[in-house]
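As structure tokens, the structure follows; a few thoughts come after it.
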Amino acid sequence: MKKYDHKTIERKWQKEWQKNKIYATPDKAPGPSSAKASAGKKDNFYLLVEFPYPSGNLHAGHWYAFAVPDILARALRMQGKNVLYPIGFDAFGLPAENAAIKNKLNPRKWTEENIEFMKKQIASMGTSFDWSREVITCNPDYYKWTQWLFLQLFKKGLAYQKQTAVNWCPKDKTVLANEQVADGKCERCDAEVVQKKMLQWNIKITDYADRLIDDLAPLDWPEQIKESQRNWIGRSVGAEIDFPFEFENKNASKPNFLLLHGYIGSPNGSYHKWLKNMLERKGYLVQVPDLPNTNEPKETEQVKHVFDRCRVDENTIIIGHSLGGTVAMKLLQKINRPVAGLVLVAPAIEAGFPGAEERPYWKDFSWGINYERLKQLTGFRIVLADTLEKGKRGAYLARLAELLDAQIIEGQAKKEHFCGAEEPLVLAQLASKVTVFTTRPDTIFGATYLVLAPEHPLVKLALGHRGLLTNENEIARYIALSAKKTDMDRQTDKEKTGIRLQGVDAINPSTREKIPVYIADYVLGHYGTGAIMAVPAHDERDFEFATKYKLPIKRVISGGELPYIGDGLMIDSGKFNGLKSEKGRQAITEELGVKKITYKLRDWIVSRQRYWGVPTPIIHCPKCGTVAVEDKDLPVELPEIKDYFPEGSGKSPLAKVKKWVSAKCPKCKGKAERETDTLDTFVDSSWYFLRYTDSKNKKEFASKEKQANWMPVNLYSGGAEHTTMHLLYSRFWHKALFDLGLVGESEPYKRRMNRSLILGPDGQKMSKSRGNVIDPDEAVEGLGADTVRMYLAFIGPYNEVSSYPWNPDGVVGVRRFLERVWNISQKSEIKSQSDNPKIANLLHKTIKKVGGDIATLKFNTAISSLMILLNAVEKEGAIGTKQWEVFIKLLAPFAPHIAEELWHEAGNKKSIHLEKWPEFDPALLKDENIIIVIQINGKTRGEIQVPSDSDKSAVEKAARAAVAARLKGHKISRTIVVPGRLVNFVVSEQK
RNA sequence: GCUGGGAUGGCGGAAUUGGUAGACGCAAUAGACUCAAAAUCUAUUGUCCGCAAGGGCGUGAGGGUUCGAGUCCCUCUCCCAGCACCA
């Protein structure tokens, strides 16, 4: 008798499968079913697993990730599905690069070697991947399309540059997305993340916040992931409400305004009419010169015009719209005396800005502005940008704001430059009031003070009005202090601090009461409006702050609520009294503010200051600004360089490659430079599953026809760590592509399962330092791939977020099972020509059970039923050859090698993995006799065996007889017969 | 703190969705084989009382609904994961 020699068997069949390419997946199911056009798609099944980082070595987790879903792939294939089960490598990114640096190797070489090695390891699992569709993200034929897709988003205004405070990892020397920061530390290297202001490429995922939430509902995903994503996006519905300001020192603070209108305009036309009126009504002195020749502007002429006619002093705030903004800056340089402030509304930009070529007058316009001097001359500077300008001119405005050290305020102009009817927006940013966001407008009656975030633009504005605030120095100190705090400090330092703005009060619009205004860093600048109304009676944080600074606490009562008893006052909600919260909120929102929805989600920062990534396909032209690389020039290849080490200057190592950096502007053909930051690897992985459908396509990222064969993904299996990262990014990406008409559906994955985690034998996470790492190669060497695969499937339910320790004894149990299978097949005396009727019933039950369990991803119970069947066969000592072949087929998805060997040993020529899945015979599922449990008062008191077709009364009669002795002396008040299960006699205590 | 998911033998886990709790595997104990060990095979294995027949108790705790609850409802405890000054 031959012994079970897993090494020989596994090597043999892996070679054979590879040679015969039995897992290459055609786009449409072969055979008669694909004759009809619709049948092809129906029979296709796209099973996706997250592709690995080629970081070096496969670990037990990879086995769990690839080999267990492989069971499903194989079973579905046998059940007649045309299964796409592809694989590739997420080859760009930090882990690979860090490892390369550590080992002093070129990242590409290192990555490619790893891929070669890991491919062999993956093959050793006996997985049925279709390697012909392999995707490697660091190959130019892949990242060409990553760049192309990025440019589609860029052209749609979904990718834009912005100067923002970002998470900077000092160790990895790169910017991180919010999703990559855990507890204030770098997700990868654990170094403390610091805040740094940098110009970064952002992707406007926030535009899709609502759809990302709303489209979750119909997906067949674990509730946990859906909830996490909703939570991460953090939608809250509330109201924005204005609180007017009142300054004590009216004389000192009173600014006057100089309004400079824009191109082809006049003070009586589209510009400034409304703004002038409003300001004058408030008692401000307003000057509005009518600029000459605005359709053929010469800035010297205009500056002279204003200089000759208008008076400017240290209380003047100059507001320049569009072209007027340039005039304002030039004017200031000419006057060369300090003013209160400078506001540039959708300012004009340097020659060569996008669209400038359509305006020939511009070519005479000289720029030449001394930003440093302007900073000295102005108390505050604001750039008011139109959100429409983000895509086109956003980068310019960001740069201008940076040069001027100005606040950028984003307005939402529907018309260019906020002219005409949109001027109120301009005023809204300047007039003396602050807008707060609240989810509880019904508590406004209890708002006893206001709090602004230290970075709130209004604070700067107020500080710029000299003499407006009496404690300017203290405030400036507080702002500086909190700016230094890292996010970590702000989290751990729960003790609330703040400082009152002396010299100003706000008016609570609901009570007309004067309330104090504070700045405090417990209010976040980037959420809502960066300002809150504090209601200490109804908000814990406000309560804490109010207690510390001895501020009044007023509880709002409305009908039905219990009056507040204790410290503080009660306040009546007046005419809103009696309204239950929801209705009250609505009524008050309508009366005092506007409904507003805000999100916790922030835009996705994709710039990485590292070498090993996809080059951002953008060219910076001094005349034309940020310009997309033309399609014919894609891909922008990553140059092979020696010095790829990050240096921490805030620039990617690519910036040092002068030859690569210099480029021609695609628009004006002038001298320009390439963007040197690379893209986040989550960009690469946001669309890789589309490439699998058409991986060789040279003309498109994937043709619509090929996509249609497979998309959306039927089942996506992966780790829980990607819940708010990859899964969110790729959903967004797909929606953006859908809107661009590039994909056919708005959600990429129909069903998702999160796999569990494999721990070390000690129940701890596997790690080299703990010394509890299981090397799968070793386990395979000793026990065989079939055993390891099957053990991982047997260890516990796959589709759950749980974790299982690798139990060396448990693996042995599975190995024993396979050895017993092997031994039975070697014993010819057990097998007979005809079927063993004693096995038939259990065999057919097992067919049903295994099929059902695989479909519901309960691989552990499927295996257990195979074990039960084997136990019975051994006990019986006899099984028909045909029956045995059925058993081998059932085993095939789990242990593909041994099944193939036994299948061929039984005299079959074709691969078992191309065989049809056995079908069960419903007639054979039926038991002849069944066991009925007898209960008395719900307690089990015995059992009887009855023919399975016995009727109710017969069963009851038999049961009564079986427990007659116990029933004696009791009165049966009720009898419950559950067919096929039990009989329960309900009896009284004693007769 | 908020959100989601859990808690079943010595361990991993089953339980037809309200119907014999502990399938299957591991570990453990005893026996067979062996000079011996390993491997293999056989038997036992939730727990307590009992020589036994038999009985009591048992799914984190307490209460409820029901003929019957691991499963449904209420209250509480603990564990895991994610988020966290988000107004």
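Convention: sequence-line order gives letters A, B, ...; per-chain numbering from 1. Only this structure's heavy atoms are used, side chains among them; waters, hydrogens and symmetry mates stay out.
Proximity of A/Ser236 to the phosphate of B/rA87: a side-chain N or O atom is located under 4.0 Å from OP1 or OP2. Contact between the side-chain N/O atoms of A/Lys858 and the OP1/OP2 oxygens of B/rU16 is not found at any separation under 4.0 Å. An OP1 or OP2 oxygen of B/rA14 is reached within less than 4.0 angstrom by a side-chain nitrogen or oxygen of A/Asn860. In this model, the phosphate group of B/rA14 is not approached by any side-chain N or O of A/Lys849 to a distance below 4.0 Å at OP1 or OP2. At least one side-chain nitrogen or oxygen of A/Asn871 sits closer than 4.0 Å to the OP1 or OP2 atom of B/rG25. Put simply, A/Arg816 has a side-chain N or O that comes within less than 4.0 Å of OP1 or OP2 on B/rU40.
For the C1' atom pair drawn from B/rG54 and B/rA39, the interatomic distance equals 41 Å after rounding to whole Å. Atom name P, nucleotides B/rG60 and B/rA53: the rounded distance is 30 Å, in whole Å. The separation of B/rG64 from B/rC11, taken at their C1' atoms, amounts to 34 Å, rounded to a whole angstrom. Of the P atoms belonging to B/rA21 and B/rA69, the separation is 10 Å, rounded to the nearest Å. When the P atom is used for both B/rC76 and B/rA28, the distance is 43 Å, rounded to whole Å. Distance check on atom P: B/rU29 versus B/rA37 gives 14 Å, rounded to whole Å. B/rU42 and B/rG9 are spaced 28 Å apart, taking the P atom of each and rounding to whole Å. Look at the C1' atom in both B/rG46 and B/rA23: the space between them is 15 Å, to the nearest Å.
Among the nucleotides B/rA87, B/rG19, B/rG4, the one closest to the side chain of A/Glu227 is B/rG4. Of the candidate nucleotides B/rG12, B/rA21, B/rC24, B/rC24 has the atom lying nearest to any side-chain atom of A/Met867. Of the candidates B/rU16, B/rU20, B/rG25, B/rU16 carries the atom nearest the A/Arg981 side chain, counting heavy atoms from C-beta on. Of the listed nucleotides (B/rU20, B/rC24, B/rA87), B/rC24 has the atom at the smallest distance from the side chain of A/Ser864. Nearest to the side-chain atoms of A/Tyr527 among the listed nucleotides B/rG12, B/rG19, B/rA87 stands B/rA87. In the set B/rC24, B/rC83, B/rG19, B/rG19 carries the atom at the smallest distance from any side-chain atom of A/Asn984. Side-chain atoms of A/Asp809 lie closest to B/rC26 of the nucleotides B/rG82, B/rG25, B/rC26. Picking from B/rG82, B/rC67, B/rA27 the nucleotide with the shortest atom distance to the side chain of A/Arg974 gives B/rC67. Taking only side-chain atoms of A/Phe794, from C-beta outward, the nucleotide of B/rG12, B/rC83, B/rG19 with the closest atom is B/rG12. Out of B/rA87, B/rG19, B/rC26, the shortest distance to the side chain of A/Asn807 is found at B/rC26.
A salt bridge is defined here as a Lys NZ or Arg NE, NH1 or NH2 lying under 4.0 Å from an Asp or Glu carboxylate O, and A/Glu223 with A/Arg230 meets this definition. Between A/Lys952 and A/Glu956 there is no salt bridge, since no side-chain N of the basic residue sits under 4.0 Å from a carboxylate O of the acidic one. Taking the charged nitrogens against the carboxylate oxygens, A/Asp220 and A/Arg751 do have a contact shorter than 4.0 Å, which makes a salt bridge. Under a 4.0 Å N-O distance rule, the pair A/Arg440/A/Asp442 qualifies as a salt bridge. Salt bridge present: A/Lys548 and A/Glu495 bring a charged side-chain N and a carboxylate O closer than 4.0 Å. Here A/Arg816 does not pair with A/Glu819 in a salt bridge; the nearest charged N to carboxylate O distance is not below 4.0 Å. We find that A/Arg235 and A/Asp214 are joined by a salt bridge, their nearest charged nitrogen and carboxylate oxygen being less than 4.0 Å apart.
Within the 4.0 angstrom heavy-atom criterion, no nucleotide atom of any strand lies near A/Gly528.
Look at B/rU65: its glycosidic torsion is beyond 90° from 0, and that puts it in the anti range. Base orientation for B/rG25: anti, the chi torsion being more than 90° from 0.
If A/Ile868 and A/Thr529 are placed on RNA chain B by their nearest nucleotide, the residue sitting closer to the 5' end is A/Ile868. With RNA chain B read from its 5' end, the first of the two nearest nucleotides for A/Lys875 and A/Ser803 is the one closest to A/Ser803.
You'll find a donor-acceptor pair under 3.5 Å spanning the side chain of A/Lys496 and the base of B/rC85, going by distance alone.
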